Amino acid sequence: MDFQQPQSWLEAVQTKAAHPDAAPIQGGTDVMVELNFDHRRPDVLLDLTGVAELAEWSEDGDQVRIGAGVTYTRLIQDLGGRLPGLALASRTVGSPQIRNRGTVGGNLGTGSPAGDCHPALLAAYAVVEVESVRGTREIPVDEFFTGVKRTALEPDELIKSVLVRPPAGPQQFSKIGTRNAMVIAVAAFGLALHPDRRSVGTGIGSAAPTPRRARAAEDALAGELSAAGLWDSRADIPDRLAERFADLVGQAADPIDDVRGTAAYRRHALRVMARRALGWAWTDYQRAA
Amino acid sequence: MRITCSVNGEPREVDDVWPGESLLFVLRERMGLPGSKNACEQGECGSCSIFLDGVLVCACLVAAGQAEGRDVRTVEGLAGPEPDDLHPVQRAFVETGAVQCGFCTPGLVVATVDLLARDPDPSDAEIREALAGNVCRCTGYESILDAVRLAAARGREATA
Ligand SMILES: Cc1cc2nc3c(=O)[nH]c(=O)nc-3n(C[C@H](O)[C@H](O)[C@H](O)COP(=O)(O)OP(=O)(O)OC[C@H]3O[C@@H](n4cnc5c(N)ncnc54)[C@H](O)[C@@H]3O)c2cc1C
Ligand code: FES
Ligand code: FES
């Protein structure tokens with residue numbers, strides 16, 4: 001096995017072009033498990049931790065540009081105020097050791113339906129910036145996941161950054177697991193209210209072949225909030241509307257039975273999480289008035 | 001490949017490293033530092049906890065090549081040269097009986113050193129959160145919590 005350690009982004013992209021089969025590695029919290037257990041033997045390991053700019057985030061106009069190598073610990077420490085949904089999700093990941101090492105780019109690269117960044121990024125309408133020697137592509141995160149652990153990334157492309165607009169409204173994240181630490185989600189749900197656009201963002205985790213949005217639920221809730229003037233009045237959300245939102249989130253899932261839970265449980269859990277997340281978010285919205 | 005890095009303050013160099021092997025393997029099998037334990041090799045147990053450039057990580061999830069040029073600190077680097085020169089966290093573990101079989105101890109000691117460096121006065125909830133990535137199959141954790149509280153209290157006295 002060959003080990004490549006580019007020191008700049010340009011060099012990284014060129015190395016990937018020369019070795020499309022190379023496995024990128026950042027925190028290694030997914031890659032090393034596969035190597036240690038001999039589940040994967042790439043010919044080339046492409047270590048991106050020498051590319052300093054990947055580990056940085058910056059303000060870019062009205063967006064935050066998060067380098068693919070930014071760790072969960074930094075998402076929590078540096079961006080908890082600007083991107084609360086992503087920070088909430090990051091807090092639930094693994095353990096301190098895993099959060100110190102695991103990155104947002106690695107989470108996207110693995111593309112697991114259970115990846116905890118994904119519901120938060122979906123709800124926030126994030127965009128994934130990928131690059132190769134051929135050029136740059138900006139992929140809306142809901143088009144990034146194409147199948148179970150499959151992504152829209154081409155063999156010569158690397159994930160460069162994630163673009164997220166700091167929210168104009170509250171964000172929530174909720175995750176079900178067997179304990180408070182070190183759990184792969186049985187099901188997870190991300191919610192963002194976008195009062196500036198009069199829209200709602202959602203993200204479902206661990207309950208479909210890919211992370212996905214619950215679009216019908218988003219549209220129904222946003223439409224009703226507008227029709228009833230609730231964006232402006234900030235009056236309580238009628239129970240009937242919260243129930244309908246929760247039902248539509250449950251229906252948007254396409255879960256399976258597995259060792260972590262049954263499909264029926266996942267759908268039920270999503271309904272409960274959707275309802276609670278909406279309650280928390282709406283209370284935040286009312287308080288922010 | 002050849003790996004050159006600093007381990008516990010000393011420059012180290014090892015040859016014939018397979019790039020896909022873990023830093024844990026390099027430390028234990030190539031550098032003669034078996035203090036970091038190997039139990040799960042998948043980041044679940046924390047018994048391989050070390051500092052990489054001062055950051056608490058699982059050595060089993062660091063590719064050997066990723067340690068090139070970096071600063072590594074293992075449990076072996078905590079105590080002083082004399083036999084009784086234990087690190088205050090190690091002393092607290094001994095005194096509270098937080099050690100049974102001892103397999104988890106190096107990882108818990110390293111994780112506790114990290115916690116107390118960040119927060120000299122952690123609440124019980126914060127201790128539990130900080131040690132959530134370290135598994136102990138023997139003690140039931142209560143004596144480990146005692147050890148962390150004792151080390152924290154002494155650390156605060158020392159700086160008071
Ligand atoms: C004990 C343990 C607990 C965990 N708990 C959680 C959890 O609670 N929630 C959760 O979501 N995940 C969890 N994970 C999984 C893992 O930590 C995350 O998926 C993490 O975000 C991976 O990031 P990384 O930098 O370590 O990725 P790596 O392992 O370095 O890479 C992951 C994948 O992404 C690819 N890749 C990396 N960077 C790029 C790039 N720039 N461009 C293209 N491809 C790239 C790699 O080739 C690989 O396929 C856990 C893992 C462990 C070992
Ligand atoms: S051996 Fe590294 S975490 Fe278990
Ligand atoms: S003392 Fe035996 S595993 Fe902790």
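Lettering of chains follows the sequences in order, A, B, ..., and the numbering in each one begins at 1. Not measured: the values here are computed from a predicted model.
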Chain B: which of A:V31, A:L45, A:V33 shares the most heavy-atom pairs with it under 4.5 Å? A:V33
Every donor-acceptor pair from chain A to chain B under 3.5 Å, please, each on its own line.
| residue | atom | partner | partner atom | Å |
| --- | --- | --- | --- | --- |
| A:Q5 | NE2 | B:G65 | O | 3.3 |
| A:Q26 | O | B:Q66 | NE2 | 2.8 |
| A:N36 | ND2 | B:E41 | O | 3.0 |
| A:N36 | ND2 | B:C60 | O | 3.0 |
| A:D47 | OD1 | B:Q66 | NE2 | 3.0 |
| A:Q97 | NE2 | B:S49 | OG | 3.0 |
| A:Q97 | NE2 | B:N134 | OD1 | 3.0 |
| A:R99 | NH2 | B:E129 | OE2 | 2.8 |
| A:N100 | ND2 | B:L56 | O | 2.8 |
| A:R101 | NH2 | B:Q66 | OE1 | 3.3 |
| A:R179 | NH2 | B:A132 | O | 3.1 |

Treating A:K16 as the side-chain partner and A:P155 as the backbone partner, does any N or O pair qualify as donor plus acceptor under 3.5 Å? yes
Residues passing the side-chain hydrogen bond (donor to acceptor under 3.5 Å, both in side chains) test with A:Q172, sequence neighbours excluded, are A:D284
Examine whether an atom of A:I25 lies under 4.5 Å from a heavy atom of chain B, and if so say whether it belongs to the side chain, the backbone or both; otherwise answer neither. both
Got more than 12 heavy atoms from elsewhere within 6.0 Å of CZ, A:R276? no
So does A:A277 get a backbone contact from the side chain of A:S174, meaning a donor-acceptor N/O pair under 3.5 Å? no
Heavy-atom distances under 4.5 Å only: say whether B:L52 touches chain A with side chain, backbone, both or neither. side chain
Qualifying residues under ring pair (Phe, Tyr, Trp, His ring centres under 6.0 Å), relative to A:F173, sequence neighbours excluded: none
For B:L150, I'd like to know if atom CG has over 12 heavy atoms of other residues, nucleotides or ligands within 6.0 Å. yes
Under the side chain to side chain contact (heavy atoms under 4.5 Å, CB included) rule, what do B:V14 and B:M31 come out as? Steps first, then yes or no, please. CA-CA 8 Å; B:V14 283; B:M31 294 185 173; 4.0 Å; yes
B:A64 portion near chain A, given a 4.5 angstrom heavy-atom threshold: neither
Output all residues satisfying side chain to side chain contact (heavy atoms under 4.5 Å, CB included) with A:A123, sequence neighbours left out; order by chain, then residue number. A:A192
